[in-house]
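Take a look at the structure below.
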Amino acid sequence: VLVFKAASYDAVQSLRKNAETGAEILHGHAGDPFSPDAMRAFFDLLYWRSQDGQVDGLDKHRILASCEEAKTSLDFPFASIAAAMRFIDDSMVPVIVPVEDGGEVSPLIERLRFIDRPDGIARALQRYVVGVPQRVRGELLAMGLAEVIRPDAFGDQFVVLRNPDLYKPDIGLDWRNPTFVAAERMIVG
């Protein structure tokens with residue numbers, strides 16, 4: 001197990017307590033971090049840190065209560081349990097990054113503007129899709145740095161990044177400076 005802390009990125013807020021607990025348990029169980037003792041210690045400490053050990057701190061969506069209520073009828077609310085069990089509340093949404101790869105991505109995006117069913121194109125574009133937090137995609141759209149292709153026909157399924165300089169092959173999509181433009185693109189000839 002390798003634990004690292006990136007200099008410029010913090011843990012996702014909703015997972016910070018879990019990450020801190022995991023790092024602490026890892027120190028005491030470095031020899032076998034997946035042993036039953038290590039797992040028990042992790043969940044005991046996490047439980048203790050969550051609202052001073054109150055069950056509601058760990059079950060704020062009352063999943064256990066809904067299962068208890070449904071146990072006699074066996075009519076469990078699986079859909080609502082699945083929605084409540086999301087471990088990361090920061091939902092990620094797709095953005096298409098039109099990085100030229102032999103010139104094949106631009107024609108695919110252009111075809112989206114004129115077709116009725118995007119089935120084959122959606123599949124072909126998958127390798128150009130990155131997930132970003134919903135808030136970030138909203139900001140990119142608001143600043144005109146991304147565009148929704150035919151929202152009347154496809155909703156927000158196809159959001160395309162308009163500033164390709166935000167994508168770096170070594171680290172991926174970097175939205176920290178959304179107005180960044182590479183110097184070579186600024187040369188007018």
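Side chains are part of it too, since the values below use all heavy atoms of this structure and drop only hydrogens, waters and symmetry mates.
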Which donor-acceptor pairs under 3.5 Å do the side chains of residues 149-156 make with protein atoms, sequence neighbours left out?
{"from": "Arg150", "atom 1": "NH1", "to": "Leu112", "atom 2": "O", "distance (Å)": "3.2"}
{"from": "Arg150", "atom 1": "NH1", "to": "Ile115", "atom 2": "O", "distance (Å)": "2.4"}
{"from": "Asp156", "atom 1": "OD2", "to": "Arg137", "atom 2": "NH2", "distance (Å)": "2.7"}

>> If I take atom CG from residue Leu125 and atom CZ from residue Arg111, how far apart are they, to the nearest 0.5 angstrom?
In response: 9.5 Å

> Does any non-hydrogen side-chain atom of Val148 lie less than 4.5 Å from one of Phe158?
Replying inline: no

>> Can you tell me how far apart OG (Ser66) and CZ (Phe78) are? Round to the nearest 0.5 Å.
In response: 10.0 Å

> With respect to Val159, which candidate in Leu141, Ile96, Leu140 satisfies the side-chain contact (heavy atoms from CB on, under 4.5 Å) definition?
Replying inline: Leu141

>> Distance check, rounded to the nearest 0.5 Å: Asp44 atom CG versus Met39 atom CE?
In response: 12.5 Å

> Where is the tightest heavy-atom contact between Gly144 and Arg162, given as atom of each residue plus distance?
Replying inline: O-CD, 3.3 Å

> Can you tell me if CZ on Arg117 sees more than 12 non-hydrogen neighbours from other groups inside 6.0 Å?
Replying inline: no

> Does the side-chain contact (heavy atoms from CB on, under 4.5 Å) test come out yes or no for Ile63 and Ser80, once each step is laid out?
Replying inline: CA-CA 9 Å; Ile63 294 168; Ser80 61; over 6 Å; no

>> Ignoring hydrogens, what is the shortest heavy-atom contact between Asn163 and Leu161? Give both atom names and the distance.
In response: O-CD2, 3.3 Å

>> Measuring from atom OG1 of Thr21 to atom CG of Leu46, what distance do you get when rounded to the nearest 0.5 angstrom?
In response: 5.0 Å

> If you take all heavy atoms of Pro98 and Ile109, which pair is closest and at what distance?
Replying inline: CB-CD1, 3.9 Å

> Is Val129 reachable from Leu108 through a run of hydrophobic residues whose side-chain heavy atoms are each under 4.5 Å from the next?
Replying inline: yes

> So do Pro133 and Val93 actually touch side chain to side chain, heavy atoms under 4.5 Å?
Replying inline: no

Please set out all donor-acceptor pairs under 3.5 angstrom arising from side-chain atoms of residues 26-34, sequence neighbours excluded.
none

> In Å and rounded to the nearest 0.5 Å, what is the CG to CD distance from Leu64 to Glu68?
Replying inline: 9.0 Å

>> Quick check: closest heavy atoms across Gly131 and Met92, and the distance to 0.1 Å?
In response: O-CE, 3.4 Å

